[in-house]
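Working notes, beginning with the structure itself.
First the proteins, then the strands, lettered A, B, ... as listed; each starts at 1.
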Protein chains: 2
Amino acid sequence: MEEHKCEHNDISYPKGLKWTKQRKCVYQVLEEATEPLSAVQIYNRIERDHEGSDYAVSTIYRILATFEEHGMVEKTTFMGDGTVVYELNRGEHTHYAVCLECHKRIPLPSCPFAHVHLEQDTGDFTVTGHKLELYGYCKKCQEARKKQ
Amino acid sequence: MEEHKCEHNDISYPKGLKWTKQRKCVYQVLEEATEPLSAVQIYNRIERDHEGSDYAVSTIYRILATFEEHGMVEKTTFMGDGTVVYELNRGEHTHYAVCLECHKRIPLPSCPFAHVHLEQDTGDFTVTGHKLELYGYCKKCQEARKKQ
DNA sequence: ATCAGTGCAAACGATTTGCACCTCG
DNA sequence: CGAGGTGCAAATCGTTTGCACTGAT
């Protein structure tokens, strides 16, 4: 819980957790990713980049669970289908518009709740977070659909 | 697509689909449910209520897929974990506050987007729908947490 | 009678677990 | 050195599929 940090490779890492090469890899992949990734996607990227070094998928899952417990990553699911993905918790707070056709994720310029106090509307419920996703069709897919 | 209806058991049902006893059961369970249910939950409830009659889980999945294609149910996933659930499409548009402790779902009194036109903010993206979930702690769980 | 709908069992992908070994601190 | 982390293979879970049969229209 107390997040003392110790600096390795420019990454601040919670005290008590070992900074193993596997964890470094997972962290690095997430850091370089421009979109949320599934455990298997992360596994594949590591395989690709570190050929020969035998990693186990189960390890990736365990690492992601640990990272999540320590608030380092956020576990989410795409709406509609149930794909589970992970992204580095960069402290930013972003929502996305997701294209139903090509699954592209377009970050929304701002959080619509910046000025809204939903807490008041929900009575005796303390809101600690929220998740919002718009869906529809991106420009490219709109045009492709018109032609049919 | 043309949703001609034919009335069976007070339920309006899309033309062309057979109104089998299995489909009736699934529909009934969803109708009586106060919260979204997973395919397996639906299966279990049917088993409980109709002991002896052998239903197959796979059938439930196929029925739910069909229902979804015909807009009769909505397939969703809980945010955070990837549980896939189905609920009857009652035409209402509701968002929920979900308690992180007891998983209770409290419907929000109104859609915060009623007055907001998000379409304009997202540029060339045509929004067809959105999903919003708040999370936090319900009154009961707040109090339980304080005592620790 | 016909064909959509079903049960069954097997296949599948994603995730978890038990256990012996390894390694970071 | 020792607890915590890992690899491996087997287990589990939710979901899908092929096929032969059945029942709603």
**Message:** Protein within reach of the bases, or only the backbone? For nucleotides 4-10 of chain D, mark each nucleotide 5' to 3' as B, S or -, using heavy atoms under 4.0 Å.
**Reply:** BSSBB--

**Request:** Look at the side chain of A:Asn89 and the backbone N and O of A:Gly71, then say whether any donor-acceptor pair between them is shorter than 3.5 Å.
**Result:**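 Yes: the side chain of A:Asn89 pairs with the backbone of A:Gly71.
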
**Message:** Under a 3.5 Å distance rule, please check whether A:Arg45 uses its side chain to pair with a backbone N or O of A:Val40 as donor and acceptor.
**Reply:**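 No, the answer is negative, given that no donor and acceptor are paired below the 3.5 Å cut-off.
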
**Spacing of OH belonging to B:Tyr27 relative to CD1 belonging to B:Ile63, to within rounding of 0.5 Å** =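 The CD1 atom of B:Ile63 is 13.5 Å from OH of B:Tyr27, to the nearest 0.5 Å.
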
**Asked** OH of A:Tyr86 to CD of A:Gln41: how many Å apart, nearest 0.5 Å?
**Response**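 Here the interatomic distance stands at 12.0 Å.
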
Nucleotide [N], atom [atom2] - distance to [atom1] of [X] in whole Å:
X       : N      : atom1 : atom2 : value
A:Leu64 : C:dT17 : CG    : C1'   : 17 Å
B:Trp19 : D:dT22 : CH2   : P     : 24 Å
B:Tyr61 : C:dG7  : OH    : P     : 15 Å
A:Tyr43 : C:dT16 : OH    : C1'   : 16 Å

**Prompt:** Can you name the closest pair of heavy atoms from B:Tyr43 and B:Ala56 and give their distance?
**Reply:**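 Closest approach of B:Tyr43 to B:Ala56, heavy atoms only: CE1-C, 4.0 Å.
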
**Message:** Testing the basics here: between B:Glu68 and B:Lys75, what is the closest heavy-atom pair and its distance to 0.1 Å?
**Reply:**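 Smallest interatomic distance, heavy atoms only, reads OE2-CB, 3.5 Å.
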
